[in-house]
Every structure is written in C-alpha cells, then in structure tokens.
Amino acid sequence: MANDENLAPGLNFIRAIIEDDIKAGKNGGRVHTRFPPEPNGYLHIGHAKSICLNFGLARDYQGLCNLRFDDTNPGKEDVEYVDSIMADVRWLGFDWAERLYYASDYFDRLYEFAEHLIRSGKAYVCALSAEQIRAYRGTLTEPGQDSPCRERPADESLDLFRRMRAGEFPDGAYVLRAKIDMASPNLNMRDPVLYRIRRESHHRTGDRWLIYPMYDYTHPISDALEGITHSICTLEFEDHRPFYDWVLDNLPVPCHPQQIEFARLNLNYTVMSKRKLLELVEKGFVRGWDDPRLLTIAGLRRRGYSPEAIRAFAETVGVAKRESMVDMALLEHCLREDLNRRALRRMAVLRPLKVVITNYPAGRVEEVDAENNPEDPGAGTRKLPFSRELWIEQDDFREDPPKKFFRLSPGKEIRLKHAYYIRCDEVVKDGAGNVVELRCSYDPESRGGWTKDGRKVLGTSHWVSAAHAVDAEVRLYDKLLSVPDPAAEKEERDFKEYLNPDSLEILKGCKLEGALAAAKPGEYCQFLRQGYFSADPDSTPERPVFNRSVTLRDTWAKIEKSGQGK
RNA sequence: UGGGGUGUGGCCAAGCGGUAAGGCAUCGGCCUUUGGAGCCGAGAUUCGGAGGUUCGAAUCCUCCCGCCCCAGCCA
C-alpha cells in the first residue's frame, strides 16, 4: 500500500478511546473493527471515510477489520451490490482476508437468542398492527402505552414465535418485541421490534426464512459473535446505543463490544444520500452508478481518482462528532497532490487552433526531447515530433491581448514547450471573422526552448504536431450541483433543480500526442497545463476517450475572473 | 414544552487549567521551459453568548442561545 498512512493521522477521539483501552488492557489489548454496509446500493466517498477509519484502525493497532454485509432486509438487497462493494473496498486498498461475513449467516443463532429472550421474559410476541404500535409508542414528549400483549406468558410467546417462523401467519400479523420500557424518554427503548414476518426471498438464504431480524437486534449480536471490540457507526445511531447495550447485557454473548459514533462526511456541491443517488441513476440524470460526476467509489474511479488520493482525503478530513460540510476543493487538492508526484506529463490540445510555421520546411519532421515528469527524473523522457503544422490551444492566443496575458498574440513571441520560440506574424480568419489559423515564424536557434541571447518569453504553450496528432474525445466534468448546499437555500426546492446543467462537457476532435492512444483506465496522466486525465473505459486505441479528473490550479483564470486581466 | 448530541478563522480540525497546532481555501512575494509544482510570508487579541471559580479558562461551574438526530414491522 502507498505511504499515505504516514500522514500522521493525529489522535482523533476514536483513537484516543482505543489507546486508552489498550493501556487499560481492555479486550486483552485487542483491536477488532468491522465495516458493515447493507448491500442495497453502491459505496460512495462517505463510505470510504468509514472504510479508511475501520481498516485504518486495525492496521495501525495491529488489529483486524471484518467486512460484514448487514443483510437483514431482503427485497432491498441484492448480490449486484455485494459484488460492487467488495470490488470497491479492494480497489481502495483494503483486505479483509478470510473475514467476510453476512448478518444472514447468523440467522440461526439470532433466532436461538430470540427464544432465549422470550424464555427469560425479555421479549414477547405482539399482535398489534404497525399503525397500532406507532400509536402505542407515544410521542417525543408523551410516554407510550403498554401493548395488550406485553404480559403474554413466555411459553405462549414462544409458541407464537415458532409458528411465525413456520409460516402459519401472514406478513405483519405478529411481531417479536423486546420488553423494556414504554415510558422511556428514548423512543428506541419503548419495546422495539426484534423480528417481523416477511415473505420475501433473501439473496443468500432464499426462502428459508419467513421472519427477519431487525438491524438494532442483529447488529450488537453480530459484533459480539465476531469478537468486535470497537463498533464504529455514524451519529444517528447514538440514540440506539442503549438498546445495543441492552441486547448484549441480556444475552449470553461472548463479549460486549463498544459502540462509538462519529459524524458522517458531507461535501458541498454534491449529493451523497443513497436515495438521491438512486434517483439520479434511475431517472437518467447521470449515466449510471459509475458516472464520473458522482462521488460513488465507482464514479471516482472512472473519473480518474486514485485510491491513494481518496485515502489521503479520508485521513485529512479527520474524525469527529460535529456535523460538517467539507469543501470539495479539499478532495481535489488530495488528487492533485498525489498525481503531481507520479502522473506522466503529456501534451494534448483540447480546443485546437492551427499554427503554421512559415519558415519551417514543409515535410520536415524532427524530434524534441520531453521530460515525462519534472517531479520525478526517474520517469525519463520521450521524443515528440515537431513539424511545420501544429495545433495549439485556442485559449493560448488572443488577437487583442488583455493586460497580464502572457500568451501568443500578433507580433508576440512565446515558447512551445520543449521545442522552439515562435512569433505570431499573421492571423488568418474565415468569412465570419473567426481566427482559423496563425502564421508564425520560429527561431531555429531556440531549439529545446532556450535562446543564446538569453531573451525571455513570458509564456510557454503546449502543442501537438498536426500530422502526428491522435484525435480523441475528452469529457470535462464540473460540479454536480450549482449550489454548495441545497438544504441551505432560502426556498426549499427539490435537489434536482440545483443540478448543474454544465456538469458535463464533451469535446470531440481533441488532438493528443501519440503515446496517449494506448492509455488505459487506471493510468493517470497530466495534460500539460490543463489538468489530470485518465482514459475512460469507453476508450479504445482507435477511438480514445479521456476524462478530466481535476483541473490544474489556474492562476490566469483567477486573474481574468477578478478583472485584473483587462 | 421529552431524550441524545454538537458549537474553535471562509471550510475542516488539534487543544483536556498555563496563555490558539496543522491542512484546504484566500491574499502577498520569490522562483519557474506547466500562469502547474516548489519556497517564503499574511491573517482568530480570540474559541456560540453572558456570568462565575482561579494568579491564570477554549479548557472547570452556572445560566442562556444556535444547529443536528430520534415517534420504520429501514439500515
């Protein structure tokens, strides 16, 4: 694994708890965590934070981390999701070895424990309907009322429970409930439901079960059976902790893990909830779960994010209990920081403008040396063909240059990276007045980008030899939403109304240097002066397709935007 | 008007009674064959507010205020 674990994680509050536990000899000094997704959707950057936290803790304290699927609600869950989740966790760089578990693996034991609870008078079968249970539960400020079934004798509950399992009753006829306290100020303690009847086929157990355990009942037991020491979950489960402890205190389980809650990750200009993600995918607002505009792990991967960058991000945002909204700029920074070190530099002209070097012989081709990565001399160099006709970026020429514009304009000289100085002598326009070609002259003495007289040039542009260029499609992405936080807008509107209409821009006829045609997904490169790009899975050598993962920082764009460049 | 949490610069986040780390972003400057990268520097007299304890408080106490979560047979 890369060395991002040297990032000095610092002591977040969870690490502090763990170190105290180790010092106190709790759990025999053992650290055992788990990542427990429900297989009902694709993983996103928020899950990545949890994955990095749980697996990172195990790594740093010589412990273990399990992968466990919390699959207690058939119908919502599917193998498609378990497969994608495993692939994503692996891609992120984590390994659960042989410790792959499913809550559904515990259905038999969960059932035995339920009978135990009934026998010890801690649970009863309730005949109230879902609506009645809600009514009996009371409200936030008023206590609930006992169910008429609450005092049902244990043997009667046991009999009913067995018949629930045997399929004697229709869905919803009965439910198994814990007997705790209907007047508890914590609603989760007002005789929560343990089991419900559900005639639904399960993706792993098929039709073997007709009753399914609830998350709140299943989770503590699963944790205990796996010997988990620290059960880390998100803030909304804080109120569930008393019940988590109640279950473990009332059952003969091997150990009593500690539940610890942290704040989930929020990022601006995007959506993270499964519901919204699913809606965007199903209604076709994006191309699928792996659409590069989505912060799903699959989307980030396709966008060209590296696992190293995502891990560094998870480390950098920290772990705390306060709800926060992290700036997307931090995620982008983490990608740039990783890729700057290792991405090979390549030349690619996205919006081409023809340049003809009038004093360069037609038909002549020479090769110039180009470094592959100035940050890493070990990356070596490559040869680039230079000829009379070239492509440069349209943005690199201005007929009427504003102040502080360092690039090419009539009569001005710039350097073509790694090649020669060129001067713009003439601007060729079409009938509509559009600039279609630049006639330039080059300084033969400036080969490599230096001149003997030492004269300086303000700008350096990337370029591609027209005769040698490879045509490609390049997809540019921008923020998914046009506002940082839809929930913070004055008027409450559906989040889809805040979708950024320009989140995807497809460029065709981009001109790439030859080496790029063979690029494969998962390889990272920098298009010089533009950003980091990665081949899309749609890409073929005959028809290359690239995704822009993130732009480079752009000082000129800032100057222009601030109005200084006028 | 129940319960559980949480409030430190624009965004994150350390700090746990001894006089406000760090990162991102921003703004200057240097450097530069990427207006990239790198380097240097700037910014909270102040920690939601008000009182109190103390030689000393972001840290302890009291009261107040804001924000988040909870009334699924979802997880």
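FYI, side chains are in, hydrogens and waters are out, and symmetry mates aren't considered; it's all heavy atoms of this structure. For clarity, every value in this text was computed on a predicted model and none was experimentally measured. Numbered from 1 within each chain, the chains take letters A, B, ... in sequence-line order.
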Could you pull out all residues at least two apart from A:P242 that satisfy side chain to side chain contact (heavy atoms under 4.5 Å, CB included)?
-> A:N186, A:M189
Using Watson-Crick and G-U wobble pairs with both distances under 3.5 Å, what is the 5'-to-3' dot-bracket string of RNA chain B, with [ ] for crossing pairs and | for pairs outside the strand?
-> .(((((((.[[[..)..(...]]].(((((.......))))).....[[[[[..)....]]]]])))))).....
With sequence neighbours left out, what residues match A:E323 under salt bridge (Lys or Arg N to Asp or Glu O under 4.0 Å)?
-> none
How does protein reach along nucleotides 68-75 of chain B, written 5' to 3' as B (base within reach of a heavy atom under 4.0 Å), S (only sugar-phosphate), or - (no contact)?
-> SBBBSBBB
Return the nearest nucleotide to the side chain of A:E238; candidates are B:U34, B:A13, B:G4.
-> B:G4
With sequence neighbours excluded, what pairs up with A:R455 under the side chain to side chain contact (heavy atoms under 4.5 Å, CB included) test?
-> A:E413, A:Y421, A:D443, A:T451, A:D453
side-chain hydrogen bond (donor to acceptor under 3.5 Å, both in side chains): which pairs involve residues 36-46 of chain A, sequence neighbours left out?
-> A:E38-A:N40, A:N40-A:K274, A:Y42-A:E80
Please identify each residue that fulfils side chain to side chain contact (heavy atoms under 4.5 Å, CB included) with A:N373, with sequence neighbours left out.
-> A:R345, A:E375, A:D376, A:A379
Partners meeting side-chain hydrogen bond (donor to acceptor under 3.5 Å, both in side chains) with A:K49 (sequence neighbours left out) = none
By salt bridge (Lys or Arg N to Asp or Glu O under 4.0 Å), A:R351 pairs with (sequence neighbours left out) A:E505
Please list, chain by chain and in numerical order, all residues satisfying side chain to side chain contact (heavy atoms under 4.5 Å, CB included) with A:L187, sequence neighbours excluded.
-> A:R137, A:L140, A:R190
RNA chain B contacts among residues 370-378 of chain A, heavy-atom distance under 4.0 Å = A:P374, A:E375
Residues passing the salt bridge (Lys or Arg N to Asp or Glu O under 4.0 Å) test with A:R196, sequence neighbours excluded, are none
